[in-house]
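Being a predicted model, the structure only gives us computed values, none of them experimental. Reckoned from all heavy atoms, side chains included, excluding hydrogens, waters and symmetry mates.
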Protein chains: 2
Amino acid sequence: MALEHAILVSLRERPAAGLDLARRFDRSIGFFWSATHQQIYRVLARMEADGWVSSVGVAQRGRPEKKVYDVTTAGRAELASWLARPMPPEKFRSELAVRLRGAAYGDRQAVLDTVREQLADHRTRLAHYEQLAARDFPDPAGLTGRELDVHLVLRGGIRLERFWVDWLTEYLQAHGAAPEPGHGTDHDTDPGPAAPDVEGPDR
Amino acid sequence: MALEHAILVSLRERPAAGLDLARRFDRSIGFFWSATHQQIYRVLARMEADGWVSSVGVAQRGRPEKKVYDVTTAGRAELASWLARPMPPEKFRSELAVRLRGAAYGDRQAVLDTVREQLADHRTRLAHYEQLAARDFPDPAGLTGRELDVHLVLRGGIRLERFWVDWLTEYLQAHGAAPEPGHGTDHDTDPGPAAPDVEGPDR
DNA sequence: CGTATCATGTAAGGGGTTACATGATTCT
DNA sequence: AGAATCATGTAACCCCTTACATGATACG
């Protein structure tokens with residue numbers, strides 16, 4: 001139910017085409033929401049049918065034309081109405097937590113390896129987010145309005161990654177395991193998922 | 001994909017009928033996974049068809065017979081296999097974060113009210129979880145095996161609630177808003193969602 | 001005797017993921 | 001010429017939520 005509204009927020013920040021939005025959902029907004037381009041196209045079509053957004057074809061040199069969407073008056077009203085609507089408590093789900101709980105019913109070492117992988121991933125993201133915060137918001141004290149909102153959501157991303165790092169570290173310690181993989185376990189150290197970015201151009 | 005395995009974990013801890021499982025998913029396991037009874041019944045039927053679980057009807061005095069499920073050998077193998085399978089990084093979603101990001105496009109006071117409500121909810125849960133930890137695990141240092149796993153997942157629940165409390169408190173402060181609702185805003189102070197519990201009987 | 005609880009389900013619909021399709025342009 | 005990227009989409013499938021259905025027993 002919230003993808004439409006996430007798109008409305010993103011389009012109010014700046015009009016965009018479907019793929020632009022998909023890229024944004026791998027960046028700033030992507031801390032707390034994700035969406036693939038297929039899903040975005042479908043929802044965008046429905047939103048246009050409902051009159052929440054309108055599109056114009058924009059020619060590009062050397063690339064196919066793209067349909068740039070913008071929020072209509074009706075779309076703005078819908079967004080404002082949604083923002084004022086009360087919200088039920090959120091349910092969080094974590095497959096990793098289920099694995100931690102059930103580790104005794106399988107190979108515990110394998111579970112510990114998974115934890116180490118996830119921990120490394122969260123550490124990478126935490127470092128990246130903190131770097132972004134230092135770069136884009138060197139002086140957070142004076143922020144207001146939209147900028148303040150963007151910064152505070154980034155703060156949430158940092159806090160969430162810290163939660164993971166702290167918890168998984170505690171888990172490994174309690175089980176007497178090192179946070180780094182032992183000898184010769186040849187993990188391929190890929191750089192992890194595409195580093196999310198805050199703001200900046202769509203491409 | 002993980003509900004089946006969450007059920008397997010729960011059934012390995014203790015055999016149970018569909019409704020028993022639904023109650024457990026509002027308690028211990030429910031920190032990081034949730035499921036309604038309708039969903040559980042359907043998945044349970046599929047799992048029995050796949051030979052992962054088997055059921056026996058158990059008569060009860062004064063109540064309808066219930067089908068108690070237990071994990072088969074094939075189910076145990078599947079659970080062990082799943083626990084050893086590598087896991088992609090998890091995606092977290094938060095509708096509240098989208099609202100925070102978009103607050104400038106609606107009534108900011110309404111968004112702040114929503115934040116205060118959610119904050120109160122998370123504070124309640126945090127207090128409850130901490131109470132459970134103190135009651136059920138007064139001396140965590142000596143725990144091992146299954147007990148240790150249960151305690152560590154509870155620790156994760158506590159850490160997650162702390163994340164929310166800290167973040168939302170920071171949000172309100174940055175916007176110069178008090179963490180408690182202002183004068184006369186008559187929120188009905190309901191006790192919040194059914195307090196999750198750790199371990200204990202199914203009913 | 002009406003209401004609530006226990007217990008098991010069915011049906012409909014929305015949301016999301018994965019795989020595939022298409023046509024054009026730039027890069028090697 | 002072949003591969004990669006840009007841009008938009010379709011189709012199938014699975015997961016999940018919400019509402020409804022049924023029959024029995026306990027409670028006031």
Rounded distance (Å) that lies between atom [atom2] of [N] and atom [atom1] of [X]:
{"X": "B:Glu4", "N": "D:dC14", "atom1": "CD", "atom2": "C1'", "value": "10 Å"}
{"X": "A:Lys67", "N": "C:dA24", "atom1": "NZ", "atom2": "P", "value": "17 Å"}
{"X": "A:Asp20", "N": "D:dC6", "atom1": "CG", "atom2": "P", "value": "11 Å"}
{"X": "B:Lys66", "N": "C:dG9", "atom1": "NZ", "atom2": "P", "value": "14 Å"}
{"X": "A:Leu21", "N": "D:dT8", "atom1": "CG", "atom2": "C1'", "value": "13 Å"}
{"X": "A:Leu44", "N": "D:dT8", "atom1": "CG", "atom2": "P", "value": "9 Å"}
{"X": "B:Leu3", "N": "C:dT17", "atom1": "CG", "atom2": "P", "value": "17 Å"}
{"X": "A:Glu95", "N": "C:dT17", "atom1": "CD", "atom2": "P", "value": "14 Å"}

Salt bridge (charged side-chain N to carboxylate O under 4.0 Å, His left out) between B:Glu13 and B:Arg24, worked out: CA-CA 11 Å; B:Glu13 290 176 349; B:Arg24 289 186 196 172; 5.5 Å; no

With respect to the phosphate group of [N], does any side-chain polar atom (N or O) of [X] fall under 4.0 Å of OP1 or OP2?
{"X": "A:Arg42", "N": "C:dT17", "result": "no"}
{"X": "A:Lys91", "N": "D:dC16", "result": "no"}
{"X": "B:Gln39", "N": "D:dC15", "result": "no"}
{"X": "A:Tyr41", "N": "D:dG9", "result": "no"}

Mutual orientation of the aromatic rings belonging to B:Tyr41 and B:His37 [parallel < 30°, tilted 30-60°, perpendicular > 60°]: perpendicular

What nucleotide, of [options], holds the atom closest to the side chain of [X]?
{"X": "B:Arg46", "options": "D:dC15, D:dT10, C:dG9", "result": "D:dC15"}
{"X": "A:Arg23", "options": "D:dC6, C:dG16, C:dA7", "result": "D:dC6"}
{"X": "A:Gln38", "options": "D:dT8, D:dT18, C:dA19", "result": "C:dA19"}

Sub-4.5 Å side-chain heavy-atom contact between B:Tyr69 and B:Lys67: yes

Of A:His37 and A:Ala2, the one whose closest DNA chain C nucleotide lies more 5': A:Ala2

Pairs flagged by ring pair (Phe, Tyr, Trp, His ring centres under 6.0 Å) wherever residues 101-126 of chain A is involved - sequence neighbours left out: A:His122-A:Trp164

Aromatic ring proximity A:Trp167/B:Phe31, centre distance under 6.0 Å: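 Aromatic pair excluded; centres sit 6.0 Å or further apart.
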
